[in-house]
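This report concerns only the one structure given below.
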Amino acid sequence: DLDLFKVTNPAQQVWRFETFDNSGANCTGGITTTLRFRDNSGTQLVTDGTSGISTCSAITYTVPAGTYYIQAEEAGNNGTIAAYRMHASVIAAGSTEVEPNDIQAQATVQSGLEFVAVGNHSVTTDADWYAITVPAGNSVRAELIEGNTAVETCESNGVDSQITLFTSAGTQLVADDDTGRGFCSLIDGTGSVPLHPAAHNLASGTYYLRVQASTTAAGTAAQFDYKLVVTIR
């Protein structure tokens with residue numbers, strides 16, 4: 001069984017499609033899902049089977065205006081899922097990166113519980129800092145995606161990034177290199193068994209995200225435009 005949902009997108013914007021178990025907030029019971037995002041002709045643009053909570057899938061993607069389809073299926077098409085939920089949402093634009101923001105004290109301040117920050121990493125050694133506010137008991141999901149799919153994509157390994165989450169005191173909580181699509185990065189503290197426990201159930205306060213090139217990035221993969229998609233829940 002393949003479940004297809006039609007998406008009518010009026011203007012270019014970032015969408016996230018995320019599958020859950022029937023609770024709509026977790027991924028338990030051993031369910032496994034795959035998502036495929038297709039254009040109006042049916043051509044697959046991007047797919048995912050690992051970027052959601054546990055064994056559930058999620059796709060975060062910049063979608064141009066037009067008609068598209070999101071396809072949900074049981075991973076491998078060799079089992080059944082009694083019930084699942086898929087959350088489809090447009091992520092609101094946050095503040096564009098403001099230079100200089102190479103150190104924590106210069107961080108670009110972001111507001112809200114879900115946003116897209118647009119940044120540029122044209123210098124290999126650059127570090128971009130962002131300040132976020134987390135309410136007590138909330139968790140952080142921060143994903144880096146390509147800034148311009150016409151130039152480079154995560155799947156082509158044209159973006160090789162690293163995201164690090166810090167406390168207000170500068171203590172590193174978690175760093176991620178390649179958990180996202182391709183060589184892109186993803187920190188996820190959401191769910192009852194989070195991928196990154198150090199980003200889960202946080203104390204209230206200001207936290208910091210640092211975007212930089214991976215320490216193993218080679219050539220132009222260390223120089224990229226990007227979008228940092230953050231959800232606090």
Would you say Arg85 and Ser23 are linked by a side-chain donor-acceptor pair, where the criterion is simply a distance under 3.5 Å? no

Distance-minimising heavy-atom pair for Asp126 and Asp102: OD1-OD1, 2.9 Å

Relative to each other, are the rings of Phe17 and Trp15 parallel, tilted or perpendicular (30° and 60° limits)? parallel

For Thr32 and Thr55, does a side-chain donor sit closer than 3.5 Å to a side-chain acceptor? no

Give the ring-plane orientation class for His121 versus Phe224, where under 30° counts as parallel, over 60° as perpendicular and anything between as tilted. parallel

Mark yes or no for whether Asn22, through its side chain, and Ala83, through its backbone, hold a donor-acceptor pair below 3.5 Å. no

Taking Leu35 as the starting point, is it possible to reach Val7 by hopping between hydrophobic residues whose side chains are less than 4.5 Å apart? yes

Less than 4.5 Å apart, any side-chain heavy atom of Val159 and any of Leu144? yes

Would you say the side-chain atoms of Ser185 pair up with the backbone N or O of Ser161, donor to acceptor, closer than 3.5 Å? yes

Below 4.5 Å, heavy atoms only, C-beta onward: do Pro135 and Leu113 meet side chain to side chain? yes

Can you check whether Arg181 reaches Val46 side chain to side chain, under 4.5 Å on heavy atoms? yes

Shared hydrophobic cluster for Ile145 and Ile91 (ILVMFWY, side-chain gaps under 4.5 Å): yes

Can a salt bridge be assigned to the pair Arg233 and Glu114 using a cut-off of 4.0 Å between side-chain N and carboxylate O? no

Evaluate the side-chain proximity of Asp160 to Asp177: yes if any heavy-atom separation is below 4.5 Å, no if none is. yes

Under 3.5 Å, is there a donor-acceptor pair between the side chain of Thr34 and the main chain of Gly49? no

Checking the side chain of Thr33 only, and the main-chain atoms of Ser57 only, is there a donor and an acceptor separated by less than 3.5 Å? yes

Quick one: list whatever passes side-chain contact (heavy atoms from CB on, under 4.5 Å) with Thr215, sequence neighbours left out. Gln162

Under 3.5 Å side-chain donor-acceptor pair for Asp225 and Asn120: yes

Taking Thr164 for its side chain and Ala175 for its backbone only, find out whether a donor-acceptor pair lies under 3.5 Å. no

Shortest non-hydrogen contact from Pro194 toward Asp188: CB-O, 4.1 Å

Heavy-atom donor-acceptor pair, Ser156 side chain to Thr153 backbone, under 3.5 Å: yes

Say whether Thr8 and Thr67, considering side chains only, have a donor N or O and an acceptor N or O under 3.5 Å apart. no

Ile163 with Val134, same ILVMFWY side-chain cluster at under 4.5 Å: yes

With sequence neighbours excluded, what pairs up with His196 under the side-chain hydrogen bond (donor to acceptor under 3.5 Å, both in side chains) test? none

Is the shortest heavy-atom distance from the side chain of Gln71 to the side chain of Arg38 under 4.5 Å? yes

Are Tyr68 and Phe37 an aromatic pair by the rule of ring centers under 6.0 Å? yes

Flag the pair Val14 / Val90 as yes when at least one side-chain heavy-atom distance between them is below 4.5 Å, and no otherwise. no

Report the C-alpha separation of Gln110 and Val230 in whole Å, then their side-chain angles, then the decisive distance to 0.1 Å, and conclude whether the side-chain contact (heavy atoms from CB on, under 4.5 Å) test is met. CA-CA 10 Å; Gln110 300 290 339; Val230 177; over 6 Å; no

Could you check whether any side-chain N or O of Glu99 sits under 3.5 Å from a backbone N or O of Asp128, counting only pairs where one atom can act as donor and the other as acceptor? no

Just by distance, no angles: are the side chains of Gln104 and Gln106 close enough, under 3.5 Å, to form a donor-acceptor pair? no

Judged by modelled atom types alone, do Ser41 and Asp39 share a side-chain donor-acceptor pair under 3.5 Å? yes

For Thr60 and Glu143, does a side-chain donor sit closer than 3.5 Å to a side-chain acceptor? yes

Whether the side chain of Thr19 engages the backbone of Cys56 through a donor-acceptor N/O pair (distance < 3.5 Å, no angle test) should be reported. no

Taking all heavy atoms of Asp21 and all of Thr28, pick out the closest pair and write down the distance. OD2-OG1, 2.7 Å

Is there a donor-acceptor pair under 3.5 Å between the side chain of Asp48 and the backbone N or O of Ile59? no

Could you tell me whether the side chain of Glu74 and the main chain of Asn77 form a donor-acceptor pair under 3.5 Å? yes

To the closest 0.5 Å, what do you measure between CG (Asn201) and OG1 (Thr190)? 12.5 Å

